[in-house]
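What follows is a short report on a single structure.
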Amino acid sequence: MKVFETIRQMGHEQIVYCHDKESDLKAIIALHDTGLGAAMGATRLWSYASEEDALRDVLRLSRGMTYKAACANIPMGGGKAVILAHPENKTEALLRAYGRFVDSLKGRFITGQDVNISPEDVRQIRQETSYVVGQGEKFGGPAVTTALGVFLGIKAAVEFRLHKKEINQLKIAIQGVGSVGKNLCKYLYENGVQIFVSDLRKDKTEEIKHLYGATIVDSNEIYSLDVDVFAPCALGGILNSSTIPLIKAPIIAGAANNQLEDEEIHAKLLQSMEKLYCPDYVINAGGLINVYNEMLGSNEIKIMSQINNIYDTLLEIFKRSEKEGITTHEAAKDLATERIMKTKKIVASERVFEKSVSL
């Protein structure tokens with residue numbers, strides 16, 4: 001990978017490599033855009049196959065956070081961080097060392113929990129920096145609110161593609177039943193949906209079967225089920241040239257980040273197969289909405305109002321995609337860019353006004 005060329009193409013402002021010898025911390029923090037405020041994005045701990053894979057992941061995730069914030073009408077920039085480690089090697093010393101690196105950015109980056117980072121881990125990071133959110137699990141925590149946003153996004157997609165206001169009696173396949181996937185199963189079960197699940201951990205699927213009567217299927221079988229919605233809720237890159245031809249569901253709507261292995265190629269492949277794809281950074285914005293409002297001290301009424309807007313934003317994207325003959329990925333990106341430019345013009349005008357008044 002040509003690092004500076006990739007950064008230029010993706011529009012990033014800053015990449016920070018973090019290393020602490022004593023704790024063996026290896027982490028990368030990517031700041032994509034701080035034009036509207038601090039870059040906000042959670043921290044993921046993962047055992048990457050290579051350092052290049054880690055860099056590629058953090059670059060895509062951080063850019064997605066910029067678009068996610070814009071589509072959710074949150075006046076923040078986009079950032080993300082990855083810690084390169086096996087989950088079993090996670091220690092308090094490693095987390096606190098990471099917290100010191102976050103603190104060194106002096107508020108340009110605000111982080112929280114992602115894969116393999118728990119609320120307790122967040123509290124340990126917070127011992128070294130105040131620029132972290134999500135340790136209080138307010139409003140149920142990011143996993144609950146992310147799942148709620150995905151649930152509402154599924155309803156929007158079902159209304160647009162299947163012309164149904166209700167989702168009861170539909171069949172939905174969920175790939176990955178971690179914290180978000182599990183909460184999504186709960187919402188779907190309570191609304192009369194027939195659930196199919198797969199996960200690399202058998203104990204997780206067995207729990208969902210016990211709680212919500214889900215049918216457990218093999219990880220390779222989940223793509224080809226004859227269902228109404230396929231919901232990817234595990235890791236990214238699962239929508240690719242090998243898996244997309246297998247998908248029978250007319251709707252793809254899940255919580256995973258970076259679902260498209262190649263954003264341009266695979267968005268167009270889905271469009272050619274008449275699959276309605278819900279852009280991941282739009283449908284999974286509930287967690288960002290949660291921690292942003294936690295930071296502001298907002299009440300539950302405000303956070304629920306913003307999460308409900310995910311439904312309307314997706315309908316707007318679907319309609320734009322259909323009208324302009326572009327993919328939903330392109331429509332979402334265009335919407336995000338328009339909102340970012342509009343907000344930046346407002347901010348610039350306010351700064352000019354404040355400067356003129358001070359003079």
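What you see below is based on every heavy atom in this structure, not just the backbone, and it leaves out hydrogens, waters and symmetry mates. Everything numeric here is computed off the predicted structure, so don't read it as measured data.
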Can you confirm whether Phe196 sits close enough to Asp226 that some side-chain heavy atom of one is under 4.5 Å from a side-chain heavy atom of the other? no
Is Tyr212 atom OH crowded by more than 12 heavy atoms from other residues, nucleotides or ligands, each under 6.0 Å away? yes
Looking at residues at least two apart in the chain, or sitting in another chain, which of them share a salt bridge (Lys or Arg N to Asp or Glu O under 4.0 Å) with Glu5? Arg8
Output side-chain donor-acceptor pairs under 3.5 Å for residues 69-77, partner residues at least two apart or in another chain, one line each.
none

Does the side-chain contact (heavy atoms from CB on, under 4.5 Å) test come out yes or no for Asp114 and Lys80, once each step is laid out? CA-CA 10 Å; Asp114 198 341; Lys80 200 77 175 184; 2.9 Å; yes
Across all chains, not counting sequence neighbours, the salt bridge (Lys or Arg N to Asp or Glu O under 4.0 Å) partners of Glu120 are Arg123
How far does CG of Leu335 sit from CD1 of Ile340, to the nearest 0.5 angstrom? 9.5 Å
Before giving the answer on side-chain contact (heavy atoms from CB on, under 4.5 Å), spell out for Tyr277 and Thr327 the whole-Å C-alpha distance, their side-chain angles and the decisive distance to 0.1 Å. CA-CA 8 Å; Tyr277 168 65; Thr327 67; over 6 Å; no
Exam field: side chain Ser305 to backbone Ile301, donor-acceptor pair closer than 3.5 Å: no
Is it the case that over 12 heavy atoms from other parts of the model lie below 6.0 angstrom from the CD atom of Glu51? no
Partners of Glu264 by salt bridge (Lys or Arg N to Asp or Glu O under 4.0 Å), sequence neighbours excluded? none
Tell me, with the steps shown, if Leu239 and Ile247 meet side-chain contact (heavy atoms from CB on, under 4.5 Å). CA-CA 9 Å; Leu239 296 177; Ile247 298 173; 3.7 Å; yes
Tell me, do Val158 and Val229 make a side-chain contact under 4.5 Å, heavy atoms counted? yes
For residues 252-259, tabulate all N or O donor-acceptor pairs below 3.5 Å that involve a side-chain atom, not counting sequence neighbours.
{"from": "Asn257", "atom 1": "OD1", "to": "Asn284", "atom 2": "ND2", "distance (Å)": "2.9"}
{"from": "Gln259", "atom 1": "NE2", "to": "Gly254", "atom 2": "O", "distance (Å)": "3.1"}
{"from": "Gln259", "atom 1": "NE2", "to": "Ala256", "atom 2": "O", "distance (Å)": "2.9"}

Can you name the residues that form a side-chain contact (heavy atoms from CB on, under 4.5 Å) with Leu315, not counting sequence neighbours? Ala156, Glu159, Phe160, Tyr311, Phe318
Distance-minimising heavy-atom pair for Ser272 and Leu269: OG-O, 2.7 Å
Would a line drawn from the ring center of Phe230 to the ring center of Tyr223 be shorter than 6.0 Å? yes
Any sub-3.5 Å donor-acceptor pair from Thr145's side-chain atoms to Gly286's backbone N or O? yes
Give a yes or no on whether the backbone of Lys333 and the side-chain of Tyr281 come within a donor-acceptor separation of less than 3.5 Å. yes
Under 3.5 Å, is there a donor-acceptor pair between the side chain of Lys275 and the main chain of Ile244? no
Pairing residues for Glu22 by the side-chain contact (heavy atoms from CB on, under 4.5 Å) criterion, not counting sequence neighbours: Asp20
With sequence neighbours left out, what residues match Leu235 under side-chain contact (heavy atoms from CB on, under 4.5 Å)? Arg44, Trp46, Val115
Salt bridge (Lys or Arg N to Asp or Glu O under 4.0 Å) with Asp334: which residues, sequence neighbours excluded? none
Run the salt bridge (charged side-chain N to carboxylate O under 4.0 Å, His left out) check on Lys186 and Glu190 step by step: do they pass? CA-CA 6 Å; Lys186 178 177 182 291; Glu190 291 173 347; 2.8 Å; yes
Identify every side-chain donor-acceptor pair in residues 199-207 under 3.5 Å, counting partners at least two apart or on other chains, and give the distances.
{"from": "Asp199", "atom 1": "OD1", "to": "Arg201", "atom 2": "N", "distance (Å)": "2.8"}
{"from": "Asp199", "atom 1": "OD2", "to": "Val177", "atom 2": "N", "distance (Å)": "2.8"}
{"from": "Arg201", "atom 1": "NE", "to": "Asp203", "atom 2": "OD1", "distance (Å)": "3.2"}
{"from": "Arg201", "atom 1": "NH2", "to": "Asp203", "atom 2": "OD2", "distance (Å)": "2.7"}
{"from": "Thr205", "atom 1": "OG1", "to": "Lys202", "atom 2": "O", "distance (Å)": "2.9"}
{"from": "Glu207", "atom 1": "OE2", "to": "Lys182", "atom 2": "NZ", "distance (Å)": "2.7"}

List for me each residue that meets side-chain contact (heavy atoms from CB on, under 4.5 Å) alongside Met10, sequence neighbours excluded, and say none if there are none. Thr6, His12, Leu59, Arg60, Arg63
Show me the side-chain donor-acceptor pairs of residues 87-103 shorter than 3.5 Å, one per line, residues at least two apart or across chains.
{"from": "Lys90", "atom 1": "NZ", "to": "Asn116", "atom 2": "O", "distance (Å)": "2.9"}
{"from": "Lys90", "atom 1": "NZ", "to": "Asp121", "atom 2": "OD2", "distance (Å)": "2.6"}
{"from": "Thr91", "atom 1": "OG1", "to": "Leu94", "atom 2": "N", "distance (Å)": "3.0"}
{"from": "Arg96", "atom 1": "NE", "to": "Glu128", "atom 2": "OE2", "distance (Å)": "2.8"}
{"from": "Arg96", "atom 1": "NH1", "to": "Gln127", "atom 2": "OE1", "distance (Å)": "3.1"}
{"from": "Arg96", "atom 1": "NH2", "to": "Glu128", "atom 2": "OE2", "distance (Å)": "2.9"}
{"from": "Tyr98", "atom 1": "OH", "to": "Thr43", "atom 2": "OG1", "distance (Å)": "2.5"}
{"from": "Arg100", "atom 1": "NH1", "to": "Glu128", "atom 2": "OE2", "distance (Å)": "3.4"}
{"from": "Asp103", "atom 1": "OD1", "to": "Thr129", "atom 2": "OG1", "distance (Å)": "3.0"}

Side chains of Asp53 and Arg56 in contact at under 4.5 Å (non-hydrogen atoms): yes
